[in-house]
Amino acid sequence: MSDVLILNGRVIDPVSGVDDARDVLLRDGRVAAVELPGVLKGVAAAETINAAGMVVAPGLVDVHVHLREPGQTYKETIATGTAAAAAGGFTTVVAMPNTVPVNDSVAGLNWMLDAARGSVVKLFAMPAATVGSMGGELTDFDALCKAGAVGFTDDGKPVLEDHVMRAALVAAARAGVPVSQHAEDTRLTGGCSMNAGPVAFRLGLRGMTVEAEARIVERDIRLLREIEKAEGLRPHLHVQHVSTARAMDAIRQAKREGLHVTCEVAPHHFALTDEAIGDYDTRAKMNPPLRAEADRAAMVAALVDGTVDCIATDHAPHAAHEKEQEFERAPNGITGLETALGLALRVLHKGQAMPLARVVQLMSAAPAGIVEMDGRGALRVGSFADVVVFDAAAEWSFDVAKTRSKSRNSPFDGAAMLGRVMATVCEGRVVYRG
Amino acid sequence: MVRSSKYAAGCLLSVEDLSVADVSAVLGLTTRLEAMPKVERAEILAGRRIALLFYESSTRTRTSFELAAKSLGATTTLVSDKSSSIEKGESLKDTGLTLRALGAECIILRHPASGAPFLLARETGLAVLNAGDGMHEHPSQALLDLRTILTRLGLDASLVDADSLCGLTVVITGDILHSRVARSNAMLLPRLGAKVLLCGPEKLLPEDALGLGEGVEIVRDFDAALSRAQVAMMLRIQKERLAGLELDLGDYISRYQLNGERLAARAPKALVMHPGPMIRGLEIAGDVADGPNSAIEEQVSHGLAVRSALLVRANGLGGFESVTV
């Protein structure tokens, strides 16, 4: 593989603590050198990226994407979804299992991870926790882990039954991977299409309560406690797309207690509220739904105070004809890979004075630590040559017509972004140039 | 509040589309149309095609829109979900585009999904009149209710401003949660100066209703609310939308039914209204519905008149150029 030289940039690597002018040499798919300016002068490389005025950081990692392949390739394919990831600065994504058929077998997992799918970034997958994501019988955790599973989830749905979730947490603890939970008590959310509250009342839409999310989080935390006591195991619960202050409080408390809980927040949940639905704009419909301002502010506060472990997009493409329906009928989900960094920098870095290094950590080192992926999420000698180069000061607005995704269901069309990706390098290959 | 240009002028999707001046213009036009000789009126929309697209059953709204359109000379066509390609899975967008291709210039839509008229208006670019969307709104009902109130109270029913209903208290009682009529009235009447009291049990009237706007208050005790009101609007419990909610009907009747005894004790002069369909013996006693305080049949007549004006407005006529987008 040919060498890539990234010169004159400001390297931010939260893992080694570097935040300074450095030149970077990538060789054979790995980081070969991170040196003070001048040291790498004279090194010949097949490709040179001039990163003057740019941040050079570990490639971003997204532990929550829907790539729709197999089965729904009219929405997205592994190739188009990962192209969007590369354009957003991501070098690693974790695919959710709610494909058609559900990714719940070794054969399905192998097929998804096969190079023939054409992923342009590093692809991992979390298979279903239960067969068919039906919430009953557990999948074969051991065999799936041997085949590369990095965790288990029935995402899109919760693992609802107490005894099934308990068994999933025990099996995952033995396998050394997390159970990633979509926290929604679906017994409380039938027929609901947005957040419960005054906006839902005014629009005449049935609302999902805060309680529906919090109850599952609280139940899962109780299960962790019970399993630690009874089994002597230390299961890892990862709570997906937290959207409510109440669920976040439960997570904060569980962390204080020393339980192994991690969580993610999606950019839309720290950037928007349910007011964004406006005149029934289905591009603002997702699950969990956009919440009230107090919940949005609580997500920002939890990102700032460290309760939130990472940012994840929940990239969920849908075809135009599916979103051009009555609000209650339209499917949940929005695309997010190309807007995540721009929103994080605008809302958290500019809006909350969060240091750049912390934003980078929330989107690279931290998610790479939640899901075991050795050698990623860091920019030091020996790491995978996964790099994002971005202009942290560039102000721009997102134009969904230019998306790499197959779908255009984003509420951020025309929205202000801060920080523009100039280049993305995955395992030494330049996979995107802005 | 006037919506953006995403929607054709003449749309009525929500009462929020109408400024107070727009409301006044609709009422003024209603009066003018009513006074017009039939023959002359039948020329106004001659040659125009109006589609009635109904995804839910309706008696009053459908018939009054249809009769209104015909009295103005328009050609109407009725498409219902049960006898059209909607049954075969055709989307609302495609149904709308089909009607447009057939020459419809205005679509009157009733739909069980809240917000459906916005979708239809965006996708077709046509003037869409919301004839009731899910639990959201029923704007023409609120306008006809307003005209009924103005007429029965002896106020000017052709010209209103932000103070026209000052000092008036309207109590809306019953299944507020599922009622599009309640939402439209609670958002419209306060803008003309009225106070709106919402009354019902927590299950049918969550505190979130206060978000409907200024001038809206929740009063749980019906007797207390009724004592303050000059107008009592009663609502049906919408069994089809209860979604598993369980109610003790006996208890409901004892607390919230408008019966002769309660009316005489609390508000003997109050105007009694009901958007229909009403369930006699449940939210309202038969003798009250038929009694001298009742304006229920007048509401229906005003519906025909107000809907005529909305159709003229939707077709870009009636001198609205100065007050709409």
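Just so it is clear: chains get the letters A, B, ... in the order the sequence lines come, proteins before strands, and each one is counted from 1.
Within the 4.5 angstrom heavy-atom criterion, no atom of B:Leu210 approaches chain A. Within the 4.5 angstrom heavy-atom criterion, atoms from both the backbone and the side chain of B:Leu177 approach chain A. When heavy atoms are compared at a cutoff of 4.5 Å, B:Glu207 does not approach chain A at all. Contact of B:Pro112 with chain A is made through the backbone alone, with heavy-atom distances under 4.5 Å.
Residues A:Tyr280 and B:Ser114 have side chains in contact (heavy-atom distance under 4.5 Å, counting atoms from C-beta outward). At least one side-chain heavy atom of A:Asp279 sits less than 4.5 Å from a side-chain heavy atom of B:Arg122. B:Lys93 has its side chain out of reach of A:Glu326: every pair of non-hydrogen atoms, C-beta onward, lies at least 4.5 Å apart.
Heavy-atom pairs under 4.5 Å with chain A were tallied for B:Met187, B:Arg180, B:Arg241; the largest tally goes to B:Arg241. If you tally non-hydrogen atom pairs under 4.5 Å between each of B:Gly211, B:Ala209, B:Ser179 and chain A, the highest count goes to B:Ala209.
Distance check, rounded to the nearest 0.5 Å: CZ of A:Arg202 to CG of B:Asp208 gives 11.5 Å. Rounded to the nearest 0.5 Å, atoms CG (B:Leu119) and NZ (A:Lys323) are 12.5 Å apart. We find the OG-CD distance between B:Ser91 and A:Glu324 to be 8.0 Å, quoted to the nearest 0.5 Å. Rounding to the nearest 0.5 Å places CD of B:Glu137 at 9.5 Å from CG of A:Leu203.
Summarising the local packing, CD of B:Glu87 is surrounded by more than 12 heavy atoms from other residues, nucleotides or ligands at distances under 6.0 Å. Counting heavy-atom neighbours within 6.0 Å of B:Arg255 CZ, excluding the residue itself, gives a total of 12 or less. Summarising the local packing, CD of B:Glu202 is surrounded by more than 12 heavy atoms from other residues, nucleotides or ligands at distances under 6.0 Å. Heavy atoms of other residues, nucleotides or ligands lying less than 6.0 angstrom from NZ of A:Lys350 number 12 at most.
A cation-pi arrangement is present between B:Arg183 and A:Phe201, with the terminal nitrogen or guanidinium carbon under 6.0 Å from the aromatic centre and inside a 45° cone about the axis.
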